[in-house]
Asks: 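Below is a structure I'd like to ask you about.
Naming: A, B, ... by sequence-line order, numbering from 1 per chain.
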Amino acid sequence: MAHTTQPFEQPDALAKTEVGLQKLASGSLATAGALSPDLLGEKLVLNMGPSHPATHGVLRLVLEMDGELITKATPDLGYLHRGDEKIAENMTYNQFVPYTDRLDYLAPLANNVAYAMAVEKLMGWELPPRGQAIRVICCELARISSHLLGLGAFAMDTGALTVFMYTFTEREKIYNLCEVISGARFTTSYTRIGGMTRDLPEAFFPMVRKFLEEFPPSLDEVDGLLSRNRIFVDRTKDVGCISKEDAISFGISGPNLRGSGVDHDLRKRHPYLGYEQYDFDIPVGSAGDCYDRYLCRVEEMRQSVHILRQALDKLPSGPITVSDPKNLPPAKTSVMTKMEELIHHFILHTEGLKAPPGEVYFGAENPKGELGFYIQSKGGGVPHRLKIRAPSFVNLSILPKLLPGHFMSDVVAILGSLDFVMGECDR
Amino acid sequence: MALLNDIPWFLIAASVAKTLFLIFLVVLPLVSYTVYAERRVSALIQDRLGPNRTGFPISLFGFKKDLQLVLGGLGQPIADAVKFLLKEDFTPGHVNKVYFWMAPVLAMVPALSTLAVLPFGNYMFGQKMVVADVNVGILYVFAIASIGVYGIVLAGWSSNSKYPFLGGIRASSQMISYELSLGLSAVPVLMILGNLNLSDAIDYQVKNGWLLLPFTDGNLTLRELLLWVPVLISFIVFSISMFAETNRLPFDLPESETELVAGYHTEYSSMKFALFFLGEYAAMIAGSSVITVLFLGGWHIPFLPVNTLESSMTAPGAVLGLVHITAFFAKVAVLLGIFIWVRWTLPRFRFDQLMKLGWLYLFEIALVNIFITAAILALVR
């Protein structure tokens, strides 16, 4: 490489030698290990990221290439590490809800729900039907929003820039819905342990109905632009194939797993939030290539629309929070007027709810895959240890196996089709 | 008038005047407004507004208000140019300075030089509206246009950085392979014309109808109808190759911003970057002009009288000359619109797919097309 691609003087003395270049590429990487032997100096070490248009955030890939062909790929993670799991140990359960917004920041509503469900499992609570239905609505809206971005970014990576704008127009409507639901467009923090911050406002229903009217035609348009587009199919078909066995052994989840032909969706396998009451299909791919993963996402959005319609049609009335006055904040009106409620309010918000000691794991089918929260409690309002099973992190683990043998251009297509979010991956 | 053309200084002065008119009054504004059109049309395609605010800063000259919203952002290209000029012209320390500085020039100059042999209008004031009416017209176009690749290759090479380097390599192999089908697809047209001179190409189309639309002369013979098939194939292959030659999506691999950050011009800034940027648009204009001349009858407007050398001295003749020039650039503008439309609709090819398309399909199609044309020309009288 030093002879073929670097004909001019390098300012950095270290880079002058072959060994130096390899050191430069791998030096800061404890995980990279030694590069494969390259005695002829034919290989190029390309540093893709952490700031690169196709890595969607701060993923860094150290690619070893022979011409345009990838021979070795080493992902380097952690540029967005904020220590969320450690932070969780230092605050009460409810205080951690806003941190879950920032995991998969394309589907904050779904993260809120998954986290609240995990803690509720620890508490042994089950939400009343209306609360569950509202959470289903939130989850499916978040799924559409996340898949839309995943789809748009994937199309953009393959060069179809316009699709990105079309999907963003639709996402904008979902943001408006989020604003109506929770007051915030992006970081919703809508759930609380044992319920939601507030019931769905009246203004939400006509808006979401309108969205459900407008969204499917728009999705069909995107579908029409890409699914039968010869260039797009050529770019994605038989590219980045993940076999069924690999997908399972690498612990891949979500549309990426189903694209490989594994019929596994937690909403069907381990129904939560009353998902068993809804009629919907799980799209499953066959080849496990980028194209199948793309098709899975498109179909999942259609199914989400179907679920949303059902949820809205038979939205039960009743309370939205569990009934456990000891562990839930009292009504604001009584806090302002009654002494006991004021004390209760104060205790609850300083010490947190009284969780029993124990260990729980709850995994929810998030847009990106199985988002799991493992909570170890020693009792009291603060988790002793909280582990987040981030689907993006697990899905990315296959990159070193998947990328070699592909072209440089395929790397962006594969990254786009895996649809990861670094906020969740690095947590 | 004919006598005046024999005087050398007059010829030189006329050429200089035509060059200045073409480059500074037509092509450079057209380049910057193509950029503007690209931004507005892409916005239209993508349900956005695009740059629609920038007016002309006439308040600098004492007027009370800038001409703004009414103009729909027409001042944007000027603002862009000023911005580029005022940016820091940074040359990174690790580049090879000579080639690094030469590359943007090599990207811009060939695109503009190509226009020298293209007849952009008929006669006006006793002058043929072409800077250099040479006999090897189309060969000159191919020769000069292929120099353009050096700008990109040198930029990629001299930047001494990996992403530009990959872009440079892609550019060289891409442009060389598409040059072949570009040249071959033009051969049937040249066989029909029997001449390499581009002015004669238009004269032929004035007499016999445009090559792509042979009915524009009012009658349609069997020979024209048969020839229309290879001409259409030529047109398609030529246009696709032109997309590849000008590095436009779906063939923008040297630049491919989602893969190679910005490809060959990653290390460039300020006006040097702008030269690459504008060079691409100038190449688009040159390419569209060649297509217009070869297939779409150049400046010719069907069923409108054609001014001759003598009539072009009269006032109506001069107006007609201006109309012809406008017609030429209107056709070019339509083709530019298609360039833009395609860019914002299609995804990008992968490198090997692009080479496959060039070598396995376009090359063969163009080659077979030559034989079809030859057969028709020989058999049908």
Asks: Given heavy-atom pairs under 4.5 angstrom as the criterion, report whether the side chain, backbone, both or neither of A:Phe407 touches chain B.
Replies: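 Looking at A:Phe407, just its side chain touches chain B.
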
Asks: Looking only at heavy atoms, which of residues 270-286 of chain B get nearer than 4.5 Å to chain A?
Replies: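 Residues in range: none.
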
Asks: Please determine whether side chain to side chain contact (heavy atoms under 4.5 Å, CB included) holds for the pair B:Ile169 and A:Glu68, giving the CA-CA distance in whole Å, both sets of side-chain angles, and the decisive distance to 0.1 Å.
Replies: CA-CA 10 Å; B:Ile169 291 183; A:Glu68 290 251 342; 5.9 Å; no

Asks: Any chance you could lay out the side chain to side chain contact (heavy atoms under 4.5 Å, CB included) test for A:Arg230 and B:Gln353, step after step, and finish with the verdict?
Replies: CA-CA 11 Å; A:Arg230 184 60 198 268; B:Gln353 290 163 353; over 6 Å; no

Asks: Write down the atom of B:Pro347, the atom of A:Thr158, and the distance for their closest heavy-atom approach.
Replies: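 Where B:Pro347 meets A:Thr158 most closely, the heavy atoms are CB-O, 3.4 Å.
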
Asks: Check whether A:Arg235 reaches the backbone of B:Arg348 with its side chain - one donor and one acceptor, N or O, closer than 3.5 Å.
Replies: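 Answer holds: yes.
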
Asks: Going by heavy atoms in the side chains, are A:Thr162 and B:Thr345 under 4.5 Å from each other?
Replies: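 When only atoms from C-beta onward are counted, B:Thr345 and A:Thr162 do not touch, as no gap falls below 4.5 Å.
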
Asks: Are B:Arg350 and A:Asp234 close enough for a salt bridge, meaning some N to O gap below 4.0 Å?
Replies: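 No, B:Arg350 and A:Asp234 are not salt-bridged.
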
Asks: Check B:Tyr163 against A:Asn47 and note the closest heavy-atom contact, atom names and distance.
Replies: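 The pair with the smallest heavy-atom distance is OH-O, 3.0 Å.
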
Asks: Find out whether B:Phe165 and A:Leu46 are in side-chain contact, i.e. whether some heavy atom of one side chain is under 4.5 Å from a heavy atom of the other.
Replies: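 Heavy-atom side-chain distance check fails, nothing below 4.5 Å.
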
Asks: Identify which of A:Ala155, A:Ser409, A:Ser51, A:Gly416 forms the greatest number of heavy-atom pairs closer than 4.5 Å to chain B.
Replies: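 Between A:Ala155, A:Ser409, A:Ser51, A:Gly416, the count favours A:Ser409.
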
Asks: Taking side chain as everything from C-beta outward and backbone as N, CA, C, O, which of these in A:Val163 sits under 4.5 Å from a heavy atom of chain B? Side chain, backbone, both or neither.
Replies: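 Contact with chain B involves no heavy atom of A:Val163 at all.
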
Asks: Might you confirm whether atom OH of B:Tyr150 has over 12 heavy atoms from other residues, nucleotides or ligands at distances under 6.0 Å?
Replies: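 Open: at most 12 neighbouring heavy atoms sit under 6.0 Å from OH of B:Tyr150.
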
Asks: Identify the two heavy atoms, one from B:Ile45 and one from A:Tyr166, that lie closest to each other, and give their separation to 0.1 Å.
Replies: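 Answer, listing the atom of B:Ile45 first, then A:Tyr166: O-OH, 2.7 Å.
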
Asks: Going through the checks in order, is the side chain to side chain contact (heavy atoms under 4.5 Å, CB included) test met by A:Met165 and B:Ser42?
Replies: CA-CA 10 Å; A:Met165 292 291 164; B:Ser42 71; over 6 Å; no

Asks: When you check the side-chain N and O atoms of B:Arg48 and A:Thr169, is any donor under 3.5 Å from an acceptor?
Replies: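 No, A:Thr169 and B:Arg48 have no side-chain donor paired with an acceptor closer than 3.5 Å.
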
Asks: Backbone N or O of A:Val45 within a donor-acceptor pair of the B:Lys162 side chain at under 3.5 Å?
Replies: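 At least one qualifying donor-acceptor pair exists.
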
